[in-house]
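Have a look at the structure below before the remarks.
Model, not experiment: these values are computed from the prediction.
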Amino acid sequence: MTAAGKSSVGNIAISEDLPSGGEYRSTGRRIIWSLIMINAIALVTLIGLFYFDRNAPADTSPLLSKLRWWSQPWGEYVPIVVSKAGSAASQGAAQFGNLLACLTLVLSAAAAFWGRGRERLALPVFGLLLAIGWGLLGTNWDAIRLRGQSAELADYAESVGEFAQQLNHAWPDQGGEIAGFGAFLAYPYGEPRTLLMLGDAQIPNTTLRVAAVERTPGQAIRFQLTGDTPDVWFECRTAETSPTAFRGGLQQMHTPTADLEIAAKTYVVRYAITGPEGATSGERGSTK
């Protein structure tokens, strides 16, 4: 042996202070364990914020709703703050959830490589479950945002329903003005299905501002909201069916991407709109 804890083999000096391969693997396992646990705590905390929010809509008592949480889609209980997220923020949150899902899959693969004994099975399985959780959260974020918006819009269901009935029974055949609602242009000419509102139109007895109204005879009256609740439609159904795709008076095709029934035959809906102008709006998501 030489000084400084080194041994000489020929002309090569080997330090006895360098960590062994086992120590590297042990350090790697600790890092993976820590990252997976942080990942799990973050996911559980986020779900808890959604799940226990008292302001979210529920058609039964809070206790019964919580007892049957496993049968509900993602986002049944959502903080109202989620409703304030715009389309760009919603897309960013969805991408972030999908990114975390991918990173968790990488951690699962690393756990299979670095783990030992039962860890080589338990950690990858746990990581895979977390990845699925983040993936579901990411792919359903738009539906989650719609849940948050519906909590506020549910307060207006009765007033909107009453106005929709009045409008359905006295549907105009040309442009003009509706007292207490506002002036509008009607399309197509002769047999209008779409009312394009001029100025600041507001549904009576509510604070909801409307950009357009779509009517499908025998099916529904639909209000395209603007202002604080963009990209959302308030739909009052006359038919005993859920929201379906329809062609509006401007020949644009409206396809529902997320919807939630907040009262009898009353829905909050997000539509993807495609038409002659090539305009497209709305994000993927469903609460079905």
Side-chain angles (χ1 to χ4, degrees), residues 83 86-88 90 142 145-146 149-150 152-239 241-263 265-283:
S83 69
S87 297
S90 181
D142 190 58
R145 186 163 67 100
L146 187 65
Q149 290 172 319
S150 69
E152 296 177 337
L153 296 177
D155 295 336
Y156 302 115
E158 183 176 354
S159 296
V160 175
E162 291 177 355
F163 181 66
Q165 290 181 5
Q166 298 172 12
L167 194 57
N168 189 43
H169 292 149
W171 186 256
D173 55 8
Q174 60 183 355
E177 183 174 355
I178 299 175
F181 186 41
F184 59 88
L185 299 175
Y187 298 95
Y189 298 108
E191 296 183 355
R193 298 190 304 275
T194 299
L195 307 181
L196 293 182
M197 306 310 300
L198 302 175
D200 190 11
Q202 185 171 300
I203 297 176
N205 300 319
T206 75
T207 59
L208 301 178
R209 296 164 57 193
V210 177
V213 184
E214 292 278 0
R215 176 177 180 257
T216 304
Q219 288 191 15
I221 295 283
R222 307 173 181 90
F223 300 94
Q224 184 180 15
L225 303 183
T226 185
D228 294 334
T229 51
D231 305 323
V232 176
W233 293 69
F234 216 126
E235 182 164 328
C236 298
R237 305 285 299 176
T238 55
T241 57
S242 299
T244 57
F246 71 95
R247 188 174 297 279
L250 298 179
Q251 299 305 310
Q252 292 179 314
M253 195 66 192
H254 299 67
T255 304
T257 59
D259 63 81
L260 175 67
E261 185 173 13
I262 58 176
K265 295 193 293 186
T266 304
Y267 292 81
V268 176
V269 191
R270 199 182 308 283
Y271 282 101
I273 305 175
T274 56
E277 298 178 357
T280 303
S281 66
E283 302 83 24

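Residues meeting the side-chain contact (heavy atoms from CB on, under 4.5 Å) test with Gln219, sequence neighbours left out: Thr216, Arg222, Arg237, Thr244. When the side-chain hydrogen bond (donor to acceptor under 3.5 Å, both in side chains) test is applied to Thr194, the partners found at least two apart in sequence or on another chain are Glu214. Scored by the side-chain contact (heavy atoms from CB on, under 4.5 Å) test, Glu261 finds Tyr267 as partners (sequence neighbours excluded). Looking at residues two or more places apart in sequence or on another chain, you find no side-chain contact (heavy atoms from CB on, under 4.5 Å) involving Asp155. Taking the side-chain hydrogen bond (donor to acceptor under 3.5 Å, both in side chains) definition, one finds that Asp200 meets it with Arg209, sequence neighbours left out. In terms of the side-chain contact (heavy atoms from CB on, under 4.5 Å) criterion, Ala170 has no residue partners (sequence neighbours excluded).
Taking the six-membered ring for Trp and thresholds of 30 and 60 degrees, Tyr271 and Trp233 have ring planes more than 60 degrees apart, a perpendicular arrangement.
Side chains of Gln202 and Leu208 form no contact here, defined as non-hydrogen atoms less than 4.5 Å apart. Inter-residue side-chain proximity for Pro172 and Phe184 is flagged as met; some heavy-atom pair is nearer than 4.5 Å. A heavy-atom distance below 4.5 Å is found between the side chains of Phe181 and Val213. When side chains are defined from C-beta on, Arg193 counts as touching Pro188, because their heavy atoms get closer than 4.5 Å.
Considering all non-hydrogen atoms of both residues, Ala154 and Ile262 come closest at CA-CD1, 3.8 Å. Closest approach of Thr226 to Ala211, counting heavy atoms only: CG2-N, 4.1 Å. Taking both residues in full, the closest heavy atoms of Ala239 and Lys265 are given as O-CD, 3.9 Å, listed atom of the first, atom of the second, then distance. Among all heavy-atom pairs drawn from Leu250 and Leu196, the shortest one is CD1-CD1, 4.1 Å. In terms of heavy-atom proximity, Pro192 sits nearest to Ala186 at CB-CB, 3.6 Å.
In this structure, CZ on Arg247 lies 7.5 Å from OG1 on Thr274, to the nearest 0.5 angstrom. Here CD1 of Ile273 is found 4.0 Å from NE2 of His254. Values are rounded to the nearest 0.5 Å. Distance check, rounded to the nearest 0.5 Å: CD1 of Ile203 to CZ of Phe223 gives 4.5 Å.
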Just list the side-chain donor-acceptor pairs under 3.5 Å for residues 156-167, sequence neighbours left out, or say none.
from   : atom 1 : to     : atom 2 : distance (Å)
Tyr156 : OH     : Thr207 : OG1    : 2.9

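Counting only residues at least two apart or on different chains, the ring pair (Phe, Tyr, Trp, His ring centres under 6.0 Å) pairs with a member in residues 186-220 are Tyr187-Tyr189. Contacts classified as salt bridge (Lys or Arg N to Asp or Glu O under 4.0 Å) and involving residues 166-192 (residues at least two apart or in different chains) are not found.
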Query raised in the report: Stepwise, does the side chain to side chain contact (heavy atoms under 4.5 Å, CB included) test hold for Val210 with Leu225?
Result: CA-CA 5 Å; Val210 177; Leu225 303 183; 4.2 Å; yes

